[in-house]
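What follows is a set of notes on a single structure, which appears directly below.
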Amino acid sequence: MVFLKAFLVGGIICAIVQIFIDRTKLMPGRIMVGLVVLGTILGFFGVYDTFIDFAGAGASVPLLGFGNTLFKGVKEAVDSDGLFGIFMGGLKAGAVGITGALLFGFIGSLFFKSKMKG
């Protein structure tokens, strides 16, 4: 049942994002930033943790979950280190995801040649 909830919730998030990409003139980068900001806002209000408890990886893996992770990291760092925590908390909390994205992007660039869309 856990896998089904994660699959359905993650799929619904992806479907909503795909509708935004197809039906609006927003660039994908702006939509991605919007998802991270929305995840941060939902984390601030304490809504996103209950969503993760319900959906598991279906809620924590998409960019909404990344925004929530950044928020939690900044909150913990500000509580322990004061104002300087704003600058290091998000990077510390999101280090694994950021490193993974950079590493797999680099590996992908070794096997594929990118082309500009015309």
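Atoms considered below: every heavy atom in the structure, side chains included; atoms not considered: hydrogens, waters and symmetry mates.
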| query | With no hydrogens and no angle check, is any side-chain donor or acceptor of Thr99 less than 3.5 Å from a backbone partner on Val96? | reply | no
| request: Tell me, please, which residues at least two apart from Ile98 pass side chain to side chain contact (heavy atoms under 4.5 Å, CB included). | output: Phe66, Leu91, Leu102
If you look only at distance, which donor and acceptor atoms sit under 3.5 Å apart when one is on a side chain in residues 34-43 and the other is two or more places apart or in another chain?
from  : atom 1 : to    : atom 2 : distance (Å)
Thr40 : OG1    : Val36 : O      : 2.9
Thr40 : OG1    : Gly67 : O      : 3.1

| request: Output all residues satisfying side chain to side chain contact (heavy atoms under 4.5 Å, CB included) with Phe106, sequence neighbours left out; order by chain, then residue number. | output: Ser109, Leu110
| field | Residues which pass side-chain hydrogen bond (donor to acceptor under 3.5 Å, both in side chains) with Asp22, listed by chain and number, not counting sequence neighbours | value | Gln18
| Shared hydrophobic cluster for Phe20 and Leu64 (ILVMFWY, side-chain gaps under 4.5 Å) | yes
| said: Would Val78 and Ile86 count as a side-chain contact (heavy atoms from CB on, under 4.5 Å) here? Give the steps. | reply: CA-CA 6 Å; Val78 167; Ile86 293 172; 3.7 Å; yes
| field | Verify same cluster id: Met1, Phe54 (apolar side-chain graph, 4.5 Å) | value | no
| task | For Ala77 and Gly89, work out which heavy atoms get closest and say how close. | result | CB-CA, 3.5 Å
| About how many Å separate SG of Cys14 and CD1 of Ile21, when rounded to the nearest 0.5 Å? | 9.5 Å
| field | More than 12 heavy atoms of other groups within 6.0 Å of Leu103 CG | value | yes
| Quick one: do Phe87 and Leu70 end up in the same hydrophobic cluster if we chain Ile, Leu, Val, Met, Phe, Trp and Tyr together by side-chain heavy atoms under 4.5 Å apart? | no
| message | For a quick test of reading the model, state the closest non-hydrogen atom pair linking Val74 to Gly90 and the distance between them. | response | CG2-N, 3.5 Å
| field | Whether Phe51 and Tyr48 hold their rings parallel, tilted or perpendicular, with breakpoints at 30° and 60° | value | perpendicular
| field | Results of salt bridge (charged side-chain N to carboxylate O under 4.0 Å, His left out) for Asp49 - residues two or more places apart only | value | Lys72
| note | Nearest heavy-atom contact between Gly73 and Ala93 is CA-CB, 3.5 Å
| Can you get from Val33 to Phe44 by hopping between Ile, Leu, Val, Met, Phe, Trp and Tyr side chains that sit under 4.5 Å apart? | yes
| task | Heavy atoms only: give me the nearest Ala55-Ala59 pair and the separation to one decimal. | result | CB-CB, 3.9 Å
| Would you say Val9 and Ile16 are hydrophobically clustered, going by side-chain heavy atoms of ILVMFWY under 4.5 Å? | yes
| With sequence neighbours excluded, residues passing salt bridge (charged side-chain N to carboxylate O under 4.0 Å, His left out) with Asp79 | Lys75
| Any chance CE of Met32 has more than 12 other-residue heavy atoms, nucleotides or ligands included, within less than 6.0 Å? | no
